[in-house]
Structures are given as structure tokens and as C-alpha cells.
Amino acid sequence: MFSFPAKWASLAALQGLLSVAAGAFGAHALSHHLDANALSWWHTASQYLMYHALVGLLAAALASYLPAAKKIIILFVVGNIIFSGSLYIMALTGVLWLGAITPIGGTCYLLGWFFLTKSLWQWQTNKQEPETK
């Protein structure tokens, strides 16, 4: 059975795999079928999916040091689903109202980065030795 960090790290790694596959698919299979706007959305979705897959792996690797690791990883996973997912669907279908939910994914990213920053700051602060006189 997977422990917390391994389960979430494997999900982040899967998102990295999906990012590479989607990026290649967009560059090779979709480049002649989508307009410039749709290709731009596809490219942005693939980039953000990879960025947040990598930071999810980092948070999983540091889980024993970060009290908010699970929250951080969940925010990045949900952000990837909503942000990148909505952009991928918009690019493929032209359903533009999905652009209204894309910022919800972006907000998940921002919250994930906030909690990562806060956890790293607290870890470093708690790690410091008291000064001797």
C-alpha cells in the first residue's frame, strides 16, 4: 500500500507524463487543426501542468518537513485539473465559457505556492538553532 508521499508523488509524476504527451500531441498532431489562439491555450496548459507536476513532486519529497505538504499537493493537483483541463477542453472544442473556470485553477496554484512558501519559511525558522551569548 502507498504511503501519503508516494501516492501523491506518483500522481504528480503521472501529471508530468501527461504534460509531455499533451505537449507533443499539440505540437505534432494539432498544429494543423487548431487556430493560433487554441494552440496557445494548449501550450499554456501543457506548461502549467508540467510546472505544477514538478512542484508537486518536490512537496512530496519534502513531506516529512512540510506540515502542509498534503494540502499543497492537493491544491496543485486540483489546479492542474481545473486550469490545464479547462484550457485543453477549450482548445479542442472552442467552448469559451470554460475560460470562466480557468482562474479557479489558477487560484489553487496561488494557494499551493502560498502554503509551500509558508511551510518552507516555518521549516527554516524552526530549524535554526538559538543564538548563544
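Predicted model only: the values in this text are computed from it and were never measured.
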Determine yes or no for a side-chain-to-main-chain donor-acceptor pair under 3.5 angstrom, with [X] supplying the side chain and [Y] the backbone.
X      : Y      : result
Ser119 : Leu116 : no
Ser40  : Ala36  : no
Ser84  : Ile81  : no

Per-pair distances, 0.1 Å, donor-acceptor, side chain in residues 20-29, under 3.5 Å, sequence neighbours excluded:
none

Do you know which two heavy atoms are closest between [X] and [Y], and how far apart they sit?
X     : Y     : value
Ala12 : Ala53 : O-CB, 3.3 Å
Leu98 : Ser86 : O-CB, 3.9 Å
Ala59 : Ile72 : CB-CG2, 4.0 Å
Phe76 : Gly56 : CD1-N, 4.4 Å
Ala91 : Trp42 : CB-CE3, 3.9 Å

**OP:** Could you please spell out the steps behind the side-chain contact (heavy atoms from CB on, under 4.5 Å) verdict for Thr44 and Phe83?
**Re:** CA-CA 10 Å; Thr44 299; Phe83 184 89; 4.2 Å; yes
With a 4.5 Å cut-off on side-chain heavy atoms, are [Y] and [X] touching?
X      : Y     : value
Met90  : Val95 : no
His43  : Leu39 : no
Leu30  : Leu92 : yes
Leu18  : Leu49 : yes
Leu120 : Leu62 : yes

If you round to the nearest 0.5 Å, how far is [atom2] of [Y] from [atom1] of [X]?
X      : Y      : atom1 : atom2 : value
His52  : Asn80  : NE2   : CG    : 7.0 Å
Leu66  : Lys71  : CG    : NZ    : 12.0 Å
Thr107 : Ile101 : OG1   : CD1   : 12.0 Å

Is [Y] reachable from [X] through a run of I, L, V, M, F, W or Y residues, each pair having side-chain heavy atoms under 4.5 Å apart?
X      : Y      : value
Tyr48  : Leu111 : yes
Ile73  : Trp113 : yes
Tyr109 : Val78  : yes
Ile74  : Ile104 : yes
Leu75  : Leu11  : yes

Subject >> Centroid separation Trp41 to Tyr88 less than 6.0 Å >> reply: no
Original post:
Looking just at side-chain N and O atoms, do Ser19 and Ser46 make a donor-acceptor pair shorter than 3.5 Å?
Top reply: no
